[in-house]
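The next block holds one structure in the form of structure tokens; read it before the comments.
The structure presented is a predicted model; accordingly, all values stated were derived computationally and were not measured. Chain letters run A, B, ... following the sequence lines, proteins first, then strands; residues in each count from 1.
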Amino acid sequence: MLLARLAQVSREVGAASARSRKIALLAELFREAEPEDVPVVIPYLAGRLPQGRIGVGWKVLGRRVAPAAEPALTVREVDARLTRLGSVSGPGSQAERTALVGELMGAATEDEQRFLVGLLTGEVRQGALDAVAVEGLAEATGAPPADVRRAVMLAGSLQTVAGALLADGPGALDRFRLTVGRPVLPMLAHSASSVAEAIGRLGPSAVEEKLDGIRVQVHRDGDTVRVHTRTLDDITDRLPEVTSAARGLPGGRFILDGEVISFDADGRPRSFQETAGRVGSRVDVATAARAVPVSPVFFDALLVDGRDLLDLPLTERHAELARLVPEPMRVRRALVSGPEDTGTAEEFLAKTLERGHEGVVVKALDAAYSAGRRGASWLKVKPVHTLDLVVLAAEWGHGRRTGKLSNLHLGARTEDGSFAMLGKTFKGMTDAMLAWQTERLGKLAVEEHGWGVTVRPELVVEIAYDGLQRSTRYPAGVTLRFARVVRYREDKRPEEADTVETLLAAHPGVAP
DNA sequence: TTCCGACAGTGGGGTCGCAAT
DNA sequence: ATTGCGACCCCACTATCGGAA
């Protein structure tokens, strides 16, 4: 199959607004694909490379190459070239990668170039990724969408399921079962603004500590232990503590879900930055582990002694977990019977925060483990802080925000009356706010840049954020975590904005 | 008819490893 | 030694579609 066909379908999918139309277009293409093309066509139309990321970003792509006049590239040839590209390393590799990308782009038509750039950067912007591709695959093969979705969750991979399905038909779906050693997509949580709201929505619940670390899925089969991240990357080699902890448990075959986090000598959780730095260290793990030891803390059991627990209610899964994992290696929790018992949950949240943790996750006791979905039966509750800051600059948006000033540079007042930038945010704006701020900031502009405008520091905006973290990038030595716009405060003058001093005072111990 | 769950898009900050400077 | 880039951790929020209520 020609790449040009994929580029064309991708463009049509992007142009269609109805999801059903996108699905139909994908299904049509999947039916057309030869069996040998399927392992490439499916991930490509789901907006991903089968190889995963291959070290090509905007910089390597930067140089414009004259497009080919006629389409000639086949998907298999492109796949082979990208596999080669991904294996280039060592001195001179950057130049070689750039050259290989240049050759590929030179062989591609304009439409194909656009599609390839989207694939390589992970931004196909066609309004369809894995979930829509799954629907398309179901439609193309006549398999029930829910069954295909479940198989993909269990396989942790769309293309694996696609290959089996297109080769052997709907019967092949039965082969995808929960298996030790094969990671499944983890269940995710929604947010709630309070424990009362969460319990109101869920009824009888477990309220669990939310630890600010790295999510892990731990598989053990006898002496073999594998540790996977939320995106199913294998990080076993970086976490010897987790391997030995798993080997020390009484069960021989299990899959557990939990968080890895580092505690200091006093048993207080270290900052996310410290834990993430440790987990990210790959080269000298032993040294990193001595400086920042980590502990696994589990909260769910997906499989124990070969028994698949996914469809059991949380209560039963947790009973299995408690049988297998001793208390200190489990997340603390409180049980609440319902809205009349909200006080228990409030108290547990307060204690959890005192211990230095992020917040809590409220989980419906009767809910199954919905792998790969942001199910409504887990709700996280974290305290939210707000500040009144001043807009210092704004950047032009991309995609659906093209032509709108989107990403705001945020400043807090300093002692000398100037403003210190604390970070940026593009979150929380409605389309109406985007239109308004584009107009308003345009009038306040003092300088135009390619990326946006700097403005007179006059507009005050209320910002919500989850906490403060250290920064080497910003002048105050700190930056906001997960900053988002709440509303503009036209009733406030910039002299009334919050100061760096009060911010640091509100988060003692963060500033360097 | 209205409501709401699921998705995709729009980017944020930090840290590590590697290659280039 | 320092800098720049890419990958991958953490993530919030809005718009939209389409099925559920």
Side-chain angles (χ1 to χ4, degrees), chain A residues 13-14 16-23 47 52-62 88-97 120-135 149 188-191 201 212-216 229-231 233 235 238 259-260 271-284 288 358 370 372-377 380 382 384 395 397-402 404 406-410 422-434 463-474 478-486:
Chain A
V13 169
S17 63
R19 184 161 297 179
S20 50
R21 177 71 187 138
K22 292 178 192 283
I23 292 166
R53 304 308 310 256
I54 57 168
V56 176
W58 285 106
K59 186 68 184 183
V60 176
L61 285 166
V88 174
S89 68
S93 60
Q94 226 167 70
E96 192 176 345
R97 265 205 295 276
L120 289 165
T121 59
E123 295 175 16
V124 285
R125 288 177 169 143
Q126 60 182 15
L129 295 170
D130 264 23
V132 177
V134 163
E135 299 285 330
R149 202 154 47 224
L188 306 173
H190 273 299
S191 293
R201 280 161 63 181
D212 197 6
I214 306 292
R215 182 86 175 262
V216 285
T229 65
R230 194 161 90 77
T231 50
D233 277 8
I235 55 167
R238 301 183 222 166
E259 194 88 1
V260 149
S271 71
F272 173 74
Q273 282 169 302
E274 290 173 282
T275 296
R278 158 60 211 281
V279 176
S281 297
R282 279 160 283 180
V283 172
D284 186 356
E358 220 191 336
S370 23
R373 319 212 85 178
R374 206 169 273 287
S377 45
K380 55 185 160 186
K382 298 187 281 185
V384 175
E395 299 174 14
H398 300 90
R400 70 186 301 281
R401 292 191 178 187
T402 300
K404 298 283 190 295
S406 171
N407 200 7
L408 306 178
H409 295 198
L410 305 168
L422 284 178
K424 309 179 188 178
T425 187
F426 58 91
K427 294 172 182 163
M429 299 124 175
T430 61
D431 286 357
M433 286 168 78
L434 280 166
I463 298 295
Y465 65 104
D466 277 22
L468 209 56
Q469 55 184 346
R470 283 196 187 181
S471 172
T472 54
R473 174 182 317 211
Y474 293 111
V478 293
T479 186
L480 304 178
R481 195 162 181 214
F482 310 142
R484 59 266 192 192
V485 172
V486 178

Answer with base, sugar-phosphate or nothing: what part of the nucleic acid does [X] contact at a heavy-atom distance below 4.0 Å?
X	answer
A:Asp233	sugar-phosphate
A:Thr425	nothing
A:Val485	nothing
A:Ala464	nothing
A:Ser406	sugar-phosphate
A:Ala276	nothing
A:Lys427	base

Nearest whole Å is fine: how far is [N] [atom2] from [X] [atom1]?
X	N	atom1	atom2	answer
A:Tyr465	C:dC10	OH	P	23 Å
A:Glu358	C:dC11	CD	P	6 Å
A:Lys59	C:dC5	NZ	C1'	9 Å
A:Asp466	C:dC10	CG	P	14 Å
A:Arg473	B:dG13	CZ	P	5 Å
A:Arg282	B:dC16	CZ	C1'	6 Å
A:Phe482	B:dG13	CZ	P	12 Å
A:Arg400	C:dT14	CZ	P	12 Å

Can you figure out which of [options] approaches the side chain of [X] most closely?
X	options	result
A:Asp431	C:dA12, B:dG13, C:dA15	C:dA15
A:Ala18	C:dC10, C:dG6, C:dG18	C:dG18
A:Arg53	C:dC8, B:dG17, C:dA12	C:dC8
A:Gln94	B:dC16, B:dA19, B:dA8	B:dA19
A:Lys382	C:dC11, B:dG12, C:dG18	C:dC11
A:Ser93	C:dC8, B:dA19, B:dA6	B:dA19
A:Arg19	B:dC7, C:dC9, B:dG13	B:dC7
A:Ser471	B:dG14, B:dG11, B:dG12	B:dG14
A:Ile214	C:dA15, B:dA6, C:dC9	C:dC9
A:Val132	B:dG14, B:dA8, B:dA19	B:dA8

Taking the side chain as every heavy atom from C-beta outward, state whether [X] and [Y] have any pair of such atoms under 4.5 Å apart.
X	Y	answer
A:Arg484	A:Ile463	no
A:Leu408	A:Met429	yes
A:Thr479	A:Gln469	yes

Any [X] side-chain nitrogen or oxygen under 4.0 Å from OP1 or OP2 of [N]:
X	N	value
A:His398	B:dG11	yes
A:Gln273	B:dT15	yes
A:Ser20	C:dG18	yes
A:Arg215	C:dC10	no
A:Asn407	B:dT10	no
A:Arg484	C:dC13	yes

Is it the case that A:Arg481 places NZ or CZ above or below the six-membered ring of A:Phe272, under 6.0 angstrom from the centre and within 45 degrees of the axis? yes

Which atoms form the tightest heavy-atom contact between A:Ala483 and A:Leu410, and what is the distance? CB-CD1, 4.4 Å

Would you mind telling me which residue lines up with the more 5' stretch of DNA chain C, A:Val60 or A:Ala432, judged by nearest nucleotide? A:Val60

Let me know, please, whether A:Gly52 or A:Ser17 comes out on the 5' side of the other along DNA chain C by nearest nucleotide. A:Gly52

With nearest nucleotide decided by heavy atoms, which residue, A:Leu422 or A:Arg125, maps closer to the 5′ end of DNA chain B? A:Arg125

Taking the nucleotide of DNA chain B with the closest heavy atom to each, which residue, A:Gln126 or A:Ser281, is nearer the 5' end? A:Gln126

Salt bridge A:Glu259-A:Arg215, side-chain N to carboxylate O under 4.0 Å: no

Taking the basic N atoms (NZ, or NE/NH1/NH2) and the acidic carboxylate oxygens, is any pair closer than 4.0 Å for A:Lys22 and A:Glu135? no

Partner of B:dC7 by Watson-Crick or G-U wobble geometry, both contacts under 3.5 Å, or none? none

Verify, without hydrogens or angle tests, whether A:Arg230 (side chain) and A:Val216 (backbone) share a donor-acceptor contact under 3.5 angstrom. no

